[in-house]
Amino acid sequence: MKTRFKIETPEFKGPFDIELTIGSGQTSQPAWQKNGKYFQELVFVDNKPCLVKIAHKPNSDDPIDIIAESKEDIEKEHIKARIMEIFGLNDDLPKLYDFLRNDPNLEPTIDFCKGLRLFKANNLFESVICSITSAHNSIRQWNKAINLLKEKFGDKYKFSSGTFYSFPSPQVLANAPEHEFDEEECGPELLKTRASWKDLRSCRVGYRSKYIIKASEMVQSEIDLQKINQMDYETAFDTILKIPGVGPKVGDCILLYGYGFGKAFPVDIWISRIVAKLYFDGKNVSNPKMRKFGIERFGNYAGYTQLYLFHYARKSGLMKTLKK
DNA sequence: CGCCAGGACTACT
DNA sequence: AGTAGTCATGGC
């Protein structure tokens, strides 16, 4: 079936900039593929594969334009609900902006990030592996690596506008070879020509391949990702940190983008720099203290505050001066 | 060549 | 509880 429908502006509150949201480097899932004015990706609705195309004139009153394509019939309302969830369209941005305006340090981020929303994960496991792979990696390289993982280990789905791959299951990644062939065995030339070998290292995840395998094993046994949904934030944090490759920053990313814990405040190098400048007079503050500060000061808006500060710090040019 | 990328882990005090 | 060294890989 192929359906086309719209999400009208009264159905979501405040501005929406889809290109900014998709391209802001949120580690829930790679950026959606751009095709003309549409962004497109394979999404699972009611466990059925569905190609979603979405377009919207940034920060306008125009409705959001959506085309959905699937073999099996899927209820339109279910597709809409998934899209609303993935792009944070249930979040009340005017209310967030009222909150940000209350703090002179945060007020400048509003105009700069207008329409930026949380970009939520397609599934919990994907958010775990995506966030693990993002650690000590560039956003570009991280995007490439995840797309390689999907191509080599995911399931293939063909649609009229292209071929897409699902994110691989924990079973598949747990059994993926780490490095079937290395340079010592077959030499650099053969390694190049055989770039499609199905091992994790060929996905360019580097030393994180060990974490990916162990994490995939763990979510099949001792850790039930679904169960974390019902935990309070701090218990969820302690639980997710048991997964190898998941430290405080990655854990908070999973809790924010995967589970939607609004309190999560991922502290990375950029947040550390800008929060130190804005709230600690430029002094060095440890990451745990920084995290505690964010949670206590920003409460349920901590996640969005972090998102806005992160984007502001990176793109405004403000940080060049103090990037010692 | 060296340095950095939305850090985590290990091995130390 | 806090602190250096190390970890693949690619871009600049």
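Protein chains get the first letters and strands the later ones, always in sequence-line order, with residue 1 at the start of each.
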Applying a 4.0 Å non-hydrogen cut-off, can you work out what [X] is touching in the nucleic acid: base, sugar-phosphate, or nothing?
X	result
A:R208	base
A:V246	sugar-phosphate
A:I139	base
A:P248	sugar-phosphate
A:G245	sugar-phosphate

Exercise for review: Rounded to whole angstrom, note down the P distance from B:dA11 over to C:dA8.
Suggested key: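 B:dA11 and C:dA8 have their P atoms separated by 15 Å.
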Check your understanding: How far, in whole Å, is C:dG10 from B:dC9 if one measures between their P atoms?
Key -> 23 Å
Point to revise | Student check: side-chain heavy atoms of A:F87 and A:I54 closer than 4.5 Å | key: yes
Check your understanding: Hey, are the side chains of A:Y165 and A:Y157 touching, using non-hydrogen atoms and a 4.5 Å cut-off?
Key -> no
Revision key, fill the gap. Rounding to 0.5 Å, atoms CG (A:L51) and CD1 (A:I67) come to a distance of 9.0 Å
Distance, rounded to the nearest Å, where [X] contributes [atom1] and [N] contributes [atom2]:
X	N	atom1	atom2	result
A:I254	B:dG7	CD1	C1'	13 Å
A:D268	B:dC4	CG	P	16 Å
A:N137	B:dC9	CG	C1'	17 Å
A:R314	B:dC4	CZ	P	16 Å
A:H136	B:dC3	NE2	C1'	10 Å
A:Q141	B:dC4	CD	C1'	11 Å
A:I271	B:dA5	CD1	P	14 Å
A:W142	B:dG7	CH2	C1'	15 Å

Review point. Mapping A:S24 and A:I243 to their closest nucleotides on DNA chain B, which lands nearer the 5' end?
Key: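 The residue closer to the strand's 5' end, by nearest nucleotide, is A:S24.
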Check your understanding: Which comes earlier along DNA chain C counting from the 5' end, the contact point of A:K144 or that of A:K289, where each point is its nearest nucleotide?
Key -> A:K289
Check your understanding: Just one of A:I7, A:T9, A:I83 clears the side chain to side chain contact (heavy atoms under 4.5 Å, CB included) bar with A:I64, so which one?
Key ->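 The option that passes is A:I7.
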Practice item. Might you work through the salt bridge (charged side-chain N to carboxylate O under 4.0 Å, His left out) test for A:E234 and A:R291, ending with a clear yes or no? Key: CA-CA 12 Å; A:E234 287 299 341; A:R291 172 171 175 267; 3.5 Å; yes
Study note, to complete from the structure: Under a 4.0 Å heavy-atom criterion, DNA chain C is touched by chain A from C:dC7 to C:dC12
Review point. Between A:F293 and A:F280, does the ring centroid distance fall short of 6.0 Å?
Key: yes
Exercise for review: Can you label the angle between the A:F261 ring and the A:Y233 ring as parallel, tilted or perpendicular, going by 30° and 60°?
Suggested key: tilted
Check your understanding: With a 3.5 Å cut-off and just heavy-atom distances, do the side chain of A:Y207 and the base of B:dG7 make a donor-acceptor pair?
Key -> yes
Practice item. Scan side-chain atoms only and decide if A:R208 and A:T133 contain a donor-acceptor pair under the 3.5 Å cut-off. Key: no
